[in-house]
Amino acid sequence: MGGSELNPVTKHREFFGVPGALAMILVLPLVIPLLYFVSNETYCIHGVTVDIEAIKKQIPSTWTQLLGICFHKQSWVLYLSWFSAITALDLTLPGTRMKGTQLRDGTFLTYNINGTAVSSAVVAILAARVFLAKNYYVPELQFVYDHHLQLIAVSIIFSFAMAVAVYACSFVPLTHKNGLGTPERILSINGNSGNPIYDFFIGRELNPRIGAWDIKLFCELRPGLLLWIVIDLACIHHQYHQYGVVTDSILLVSALQAIYVLDCSFYEEGSLTMLDITTDGFGFMLSFGDLAWLPWTYSLQARFLSLPQNHVHLGWLNVLLILALSGLGFYVYNASNAQKSEFRQGRLDHMEYIETKTGTKLLCDGWWSKAQHINYLGDWLIAWAWCLTTGFRSPISYYYVVFVGGLLVHRQMRDDVKCSAKYGEQWEEYKRKVPYKIIPYVY
Ligand code: NDP
């Protein structure tokens with residue numbers, strides 16, 4: 001597979017190249033059910049000892065059992081109905097037309113930014129469903145709780161199918177001309193190595209679209225993120241109907257996570273400058289991450305807290321302390337992202353910056369003088385706040401803080417490689433001015 005002026009061959013391979021990509025395609029889908037096996041009504045890890053037998057008993061031992069989980073009819077119907085409904089809302093609800101970053105052919109993509117409308121509609125429908133139901137009992141929510149494993153399997157298979165489809169379509173020429181007057185699709189700068197396994201994993205086409213509908217932005221911000229709210233709600237619903245209580249811990253973590261998700265939807269335009277949108281192709285990594293990994297693993301704290309042995313009662317003081325930590329994290333996260341976004345829109349030109357050879361400016365003032373990715377610190381503080389709601393009964397409920405910490409450090413390294421290649425000496429100058437990567441004076 002060759003390169004072209006528009007799509008140079010990818011030389012630098014991330015994630016340890018082909019073996020790393022293959023390992024992640026094979027192993028990551030097994031981690032989601034594994035996290036479920038160690039945190040459900042049958043068995044939940046307490047302390048640091050793991051009961052291997054209790055896990056083994058839950059693993060399907062025959063093909064019939066496995067196929068029964070993977071192709072559970074009602075779970076497929078529910079998942080496909082969910083995905084279609086969110087797609088329909090996304091395609092029909094009005095929004096603001098916004099330009100993305102400039103592409104390599106000199107053109108700009110236009111996005112319909114309607115996250116506020118879509119997420120408000122979903123929240124309104126959910127609220128109406130709960131409050132109009134007799135005794136607040138919603139069968140669909142109970143189904144989500146009772147069929148966690150089947151729905152996990154459906155999400156994984158669906159995300160695989162999506163990744164295969166976009167990979168195959170990346171080889172089909174465009175029906176219109178690109179900015180250079182050819183029918184060539186714009187591939188990700190990272191996803192044109194020519195190795196099918198690597199390109200499938202990392203994402204080959206930069207912005208797969210059906211007409212003007214952007215599949216990558218949709219998957220990034222809609223079905224998986226909003227499903228996360230539904231899963232949290234299903235956990236509260238289960239706790240209430242099964243045990244007759246709703247603990248302050250499960251309410252707090254679900255509320256904080258809902259705020260995080262809705263913030264992503266309400267400030268959707270901020271996502272247009274994210275690494276995932278500007279640089280990464282849409283392949284297995286993002287499809288699986290957005291549609292399967294995110295909703296089913298990020299909701300682990302709520303599932304953990306829904307189990308009878310983990311009914312944590314925080315009390316007002318702990319609630320206030322967690323709210324304060326979350327508020328601090330949110331403030332750092334939001335203020336820094338907003339400052340970069342406003343600066344890039346040309347509204348903060350009085351601040352100190354470095355002019356680069358590409359014409360783009362690097363802000364080295366305000367939040368962006370504290371650390372190269374001060375926004376990641378905010379995200380990590382938020383992660384701590386969520387995990388602290390689960391108390392100290394088991395390390396498993398701290399999975400998120402470890403995972404997201406690793407993810408953000410890895411992202412910082414990937415971004416460093418990207419910005420070094422893009423800005424050269426000016427990026428080195430920025431790093432001299434702002435030496436800390438994520439945590440001021442520490443890292
Ligand atoms: P950033 O928002 O930090 O974007 C990095 C890009 O911003 C760089 O590639 C560069 O792009 C530009 N940039 C870097 N430094 C500067 C500067 N000093 N001035 C102006 N522009 C600069 O990273 P992400 O896209 O990774 O993350 C966005 C948000 O999403 C973060 O808050 C992160 O925490 C969150 N996130 C959360 C995840 C989760 O699972 N919880 C996962 C991923 C992200 P350019 O080429 O335009 O110069």
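This is a predicted model, so every value here is computed, not measured. These numbers come from the heavy atoms of this one structure, side chains and all, not from hydrogens, waters or symmetry mates. Just so you know, ligand 1 is whichever comes first in the structure, and atom 1 is the first atom listed for that ligand.
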F16 atom CZ, over 12 foreign heavy atoms within 6.0 Å: no

Backbone or side-chain N or O of K340 under 3.5 Å from ligand 1 N or O: yes

Pairwise distance OH(Y333) to CG(L377) - rounded to 0.5 angstrom: 13.0 Å

Structural part of T278 in contact with ligand 1, heavy atom criterion under 4.0 angstrom: neither

Any N or O of W427 closer than 3.5 Å to N or O of ligand 1: no

Element-labelled atoms of ligand 1 that are located less than 4.0 Å from some non-hydrogen atom of L407: 42 (C)

Side-chain H-bond candidate by donor/acceptor type, Q257 with W228, under 3.5 Å: yes

Residue pair F288, F160: steps toward the ring pair (Phe, Tyr, Trp, His ring centres under 6.0 Å) verdict: CA-CA 7 Å; F288 170 78; F160 253 103; 7.3 Å; no

K418: numbered ligand 1 atoms lying under 4.0 Å from its heavy atoms: 8 (C), 9 (O), 10 (C), 11 (O), 45 (P), 46 (O)

Numbering as shown, the atoms of ligand 1 that approach R344 to under 4.0 Å (heavy-atom distance): 20 (C), 21 (N), 22 (C), 45 (P), 47 (O), 48 (O)

F143 and H147 aromatic ring geometry - parallel, tilted or perpendicular at 30°/60° bounds: parallel

Those atoms of ligand 1 less than 4.0 Å from some heavy atom in L275: 9 (O), 25 (O)

Ring-ring centroid check Y298 Y260, cutoff 6.0 Å: no

Atom indices of ligand 1, in the order listed, that fall short of 4.0 Å to a heavy atom of L363: 17 (C), 18 (N), 19 (N), 20 (C)

Residue that, paired with W293, satisfies side-chain contact (heavy atoms from CB on, under 4.5 Å) out of D290, L291, T297: T297

Atoms in ligand 1 with a heavy atom of Y298 nearer than 4.0 Å: 39 (C), 40 (O)

Part of Y353 within contact of ligand 1 (heavy atoms, under 4.0 Å): neither

Atom indices of ligand 1, in the order listed, that fall short of 4.0 Å to a heavy atom of Y400: 41 (N)

Y260 touching ligand 1 at heavy-atom level, < 4.0 angstrom: yes

Atoms of ligand 1 close to Y423 [distance to a heavy atom under 4.0 angstrom, numbered from 1]: 45 (P), 46 (O), 48 (O)

Residues Q412 and Y443: side-chain donor-acceptor under 3.5 angstrom: yes

Contact check: Q372 vs ligand 1, nitrogen or oxygen atoms, below 3.5 angstrom: no

